[in-house]
Every structure is written in C-alpha cells, then in structure tokens.
Amino acid sequence: MYTKVSRLIYILLVIFCGKQVLSQKNNLKMKDAIENIVLNNNYNKVENIEIGQKKIQIIYFWSPEVKASHEFLSTLKQLKQSSENLKLKDSCSIEITAIATQCDYLDWLVKIDSLELTGIRNLIIKKFYSDSFWPKFNIKNVPLILVVNTYGIIDLVNPSLETINNYLDARKYTSSSLCISGKIIETENKKPYSNKKIAFINNNSDTLSMTTTDKNGVFEIQFLKNQLNYTLNLEPNLKSKSSYKLLNNKGVYICKLNSKQNNVNSKVIKSLIKKPNPNYSNNLIRQSITIK
C-alpha cells in the first residue's frame with residue numbers, strides 16, 4: 001500500500017509540478033546502473049527516456065549559456081542521421097537525446113531552433129530545478145556525454161567520436177566481439193593480483209574495457225575493436241613498487257607489467273584471445289565493458 005501511494009505521489013509531482021527525476025542514486029558514477037529519465041520536452045510535455053529494453057542511449061548534457069557545449073551538437077545530429085540505418089545485434093536500437101541544463105525554457109526553445117536541433121529529442125532541466133538536480137547526481141560541468149548500454153549500465157563517459165563509432169560498430173549485426181582472458185601475478189612471490197581493477201585504454205584516453213580480477217588474478221573481458229597500441233592500467237596502489245607478470249589463460253608468460261601504466265601492443269592482445277564463453281554475456285549485466 002505504501003509503495004502504491006508513493007508511486008502515485010511521484011507521478012503527480014511529475015505531471016503537476018514539472019519536476020524531473022533521473023535516478024535516486026547519489027553520486028552517479030561510471031559503470032553504475034541508471035533508471036529512466038523523466039524530463040520536460042520542447043512541447044512542454046513530460047517525456048520518459050526508457051533505459052535498457054534493447055536500447056543504446058547516447059545522452060548529451062549541454063547548456064545554451066555554455067558555448068563550449070554547443071560544439072558536440074552538430075556531431076550529435078550526424079550520429080542521429082547515421083544511426084537510423086544502423087542494424088545492431090539482437091534487434092537493438094539507438095536513441096539520442098540532448099538534455100539542456102541551467103537555462104530558461106523560452107531561451108532554450110529559441111536556441112534549439114537556431115541550432116537546428118529539432119530533429120533530435122530535446123529535453124530540459126529547467127533553471128528552477130537545477131539547484132537540486134545538479135548536486136544530487138554529481139553532474140558538475142557541461143558538456144557531458146553518456147553512452148548507456150542495453151542493460152542500463154553507463155559504458156562511456158565523454159568519449160571521442162571515434163570511440164563512439166567503434167562502440168556502435170562492434171554492435172553491428174555483422175560484427176564480432178573480441179574476447180580476451182589472462183592472469184596477473186606478482187613477479188617475486190607469484191601472488192595473484194586478486195580482486196583488483198584493470199583497464200585497457202586507447203590513444204584517445206578512452207577506456208575500451210575494464211574489469212576486476214578474481215581471487216586467482218584471472219580476468220576475462222571483451223574488446224570493441226582491435227587497435228595497434230593500448231595502455232593497460234592496474235588499480236592504483238601508491239605503496240606498491242612490485243612488478244607483475246601477465247600470463248595467458250593457459251598460464252604461459254606474455255610480458256612484464258609495472259604497478260601503474262603499461263604500454264601493450266596488438267600482439268599482446270592477440271596472445272590473450274580466447275573463444276567467447278557462452279556464459280559470459282550474463283556477466284555483462286553486472287559489469288560495464290567500455291567505460292572511462
């Protein structure tokens with residue numbers, strides 16, 4: 001009974017007060033799951049962005065009053081146009097949304113018309129609500145780009161256009177993902193690098209893949225697209241001066257790693273390739289594979 005009453009109150013607030021809700025979780029971070037976004041559109045109606053449900057969301061937070069945030073809007077229009085004929089696996093679709101913040105509603109209408117944004121879904125966080133929206137979700141600055149996968153997990157934060165295109169290319173019906181697996185141990189005592197985060201980063205400083213090793217130092221992740229060079233980051237540990245060994249899934253030595261950033265090339269990645277685990281797709285619900 002209490003849940004039904006609370007839900008009713010929430011709906012009434014959205015409809016009659018014009019307030020918007022993104023998620024009830026404070027300090028929204030990368031690799032987090034987010035809920036549906038309820039905001040006002042340019043027809044002054046409440047609109048709901050349905051997170052998940054076989055939809056990849058590209059969400060762009062900007063402000064008419066911040067000129068630096070206008071630059072990506074033209075790219076957003078190009079992405080909208082190119083994604084219309086993009087065939088993705090599992091019948092997934094792409095939704096692109098521009099969310100204006102900290103601005104007057106009428107000024108915003110004029111701006112989206114002058115910038116020719118009418119072909120994109122436009123939503124707004126009205127100025128009277130910005131003071132409570134901003135700190136609650138840890139959104140401190142615009143522009144902000146979020147790419148959310150079909151499970152409602154944030155995969156990319158402020159990626160380059162190249163990384164977004166690679167992300168979408170990897171999900172095309174004709175594309176196949178690259179799955180790698182390996183093990184990390186300390187050089188001297190052969191102790192497993194257990195329960196630690198590792199991340200593979202490209203030349204644009206976008207994190208292509210990120211995961212956590214298990215208790216034996218073993219990891220398994222998927223890549224979006226093969227490149228020539230990568231940076232492998234281990235979880236920061238300022239006290240540690242240890243060196244580590246990277247092994248493949250058969251326990252064969254591949255290369256030496258230090259406790260911070262490591263430059264690895266495509267040969268290293270190829271030596272870690274394994275056949276996709278049929279149960280691996282279930283893990284994607286719990287962990288993001290492309291965040292920054």
Side-chain angles (χ1 to χ4, degrees), residues 3 6-11 13-15 18-43 45-62 72 76 79-80 83-84 86-101 117 120-126 129-130 132-140 142-159 163-165 167-168 170-172 177 206-207 209-210 222 224 281-292:
T3 302
S6 299
R7 186 173 299 175
L8 178 60
I9 293 174
Y10 164 81
I11 294 172
L13 283 173
V14 169
I15 294 176
K19 291 191 175 182
Q20 307 89 1
V21 177
L22 170 61
S23 169
Q24 295 304 312
K25 182 170 183 176
N26 291 332
N27 299 321
L28 191 64
K29 297 178 181 178
M30 298 152 301
K31 209 173 181 180
D32 277 352
I34 68 173
E35 301 169 8
N36 293 352
I37 301 175
V38 181
L39 293 170
N40 292 94
N41 61 24
N42 47 319
Y43 300 102
K45 295 181 179 178
V46 173
E47 189 166 343
N48 182 14
I49 301 179
E50 295 183 354
I51 302 297
Q53 301 187 16
K54 290 192 174 182
K55 293 179 182 178
I56 295 173
Q57 301 283 354
I58 299 177
I59 306 171
Y60 184 59
F61 291 89
W62 68 291
F72 190 75
L76 213 61
L79 283 171
K80 171 69 175 178
S83 66
E84 290 178 353
L86 195 62
K87 295 182 179 180
L88 302 181
K89 297 177 182 178
D90 302 321
S91 301
C92 292
S93 61
I94 302 170
E95 287 196 347
I96 299 174
T97 305
I99 299 179
T101 65
L117 300 179
I120 297 175
R121 177 165 58 182
N122 289 284
L123 303 180
I124 183 174
I125 303 167
K126 293 182 179 179
Y129 193 62
S130 296
S132 56
F133 183 95
W134 234 221
K136 177 178 284 189
F137 304 108
N138 202 27
I139 300 174
K140 298 179 180 179
V142 292
L144 174 64
I145 309 167
L146 297 180
V147 178
V148 183
N149 67 27
T150 55
Y151 298 112
I153 305 295
I154 298 176
D155 273 353
L156 295 171
V157 175
N158 286 335
T163 299
I164 294 177
N165 286 330
Y167 180 91
L168 297 176
R171 285 155 177 79
K172 287 181 180 178
S177 298
D206 294 322
T207 302
S209 297
M210 185 174 187
Q222 286 185 334
L224 298 181
S281 59
N282 294 329
N283 295 331
L284 300 184
I285 299 176
R286 298 190 299 273
Q287 67 173 34
S288 168
I289 60 171
T290 52
I291 71 168
K292 182 179 178 181

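Please read all numbers here as calculations on a predicted model, not as lab measurements.
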Practice problem: Output, in order, the C-alpha distance, side-chain angles, deciding distance and verdict of side-chain contact (heavy atoms from CB on, under 4.5 Å) for Val157 and Ile145. | Solution: CA-CA 6 Å; Val157 175; Ile145 309 167; over 6 Å; no
Contact check, side chains of [X] and [Y], non-hydrogen atoms, under 4.5 Å:
X      : Y      : answer
Val147 : Tyr167 : yes
Trp62  : Phe72  : no
Val148 : Ile153 : no
Ile94  : Leu88  : yes
Ile58  : Leu76  : yes
Leu146 : Leu156 : no
Ile37  : Asn48  : no
Lys45  : Asn40  : no

Between atom [atom1] of [X] and atom [atom2] of [Y], what is the distance when rounded to the nearest 0.5 Å?
X      : Y      : atom1 : atom2 : result
Asn158 : Thr163 : CG    : OG1   : 11.5 Å
Lys54  : Thr150 : NZ    : OG1   : 9.0 Å
Ser83  : Asn165 : OG    : CG    : 10.5 Å
Ile125 : Phe61  : CD1   : CZ    : 5.5 Å
Ile49  : Leu123 : CD1   : CG    : 5.0 Å
Ile154 : Gln57  : CD1   : CD    : 11.5 Å

Self-check item: Residue pair Ile99, Ile124: steps toward the side-chain contact (heavy atoms from CB on, under 4.5 Å) verdict
Solution: CA-CA 5 Å; Ile99 299 179; Ile124 183 174; over 6 Å; no
Quiz prompt | Pairing residues for Gln53 by the side-chain contact (heavy atoms from CB on, under 4.5 Å) criterion, not counting sequence neighbours | solution = Glu50
Quiz prompt | Check: Asn122 main-chain N/O paired with Asn41 side-chain donor or acceptor under 3.5 Å | solution = no
Quiz item: With Thr97, which residues qualify under side chain to side chain donor-acceptor pair (under 3.5 Å), at least two apart?
Solution: Arg121
Exercise. Apply side chain to side chain donor-acceptor pair (under 3.5 Å) to Lys55 and list each qualifying residue two or more places apart in sequence or on a separate chain.
Key: Glu95
Practice problem: Determine, stepwise, if the pair Val46 / Leu39 fulfils side-chain contact (heavy atoms from CB on, under 4.5 Å). | Solution: CA-CA 6 Å; Val46 173; Leu39 293 170; over 6 Å; no
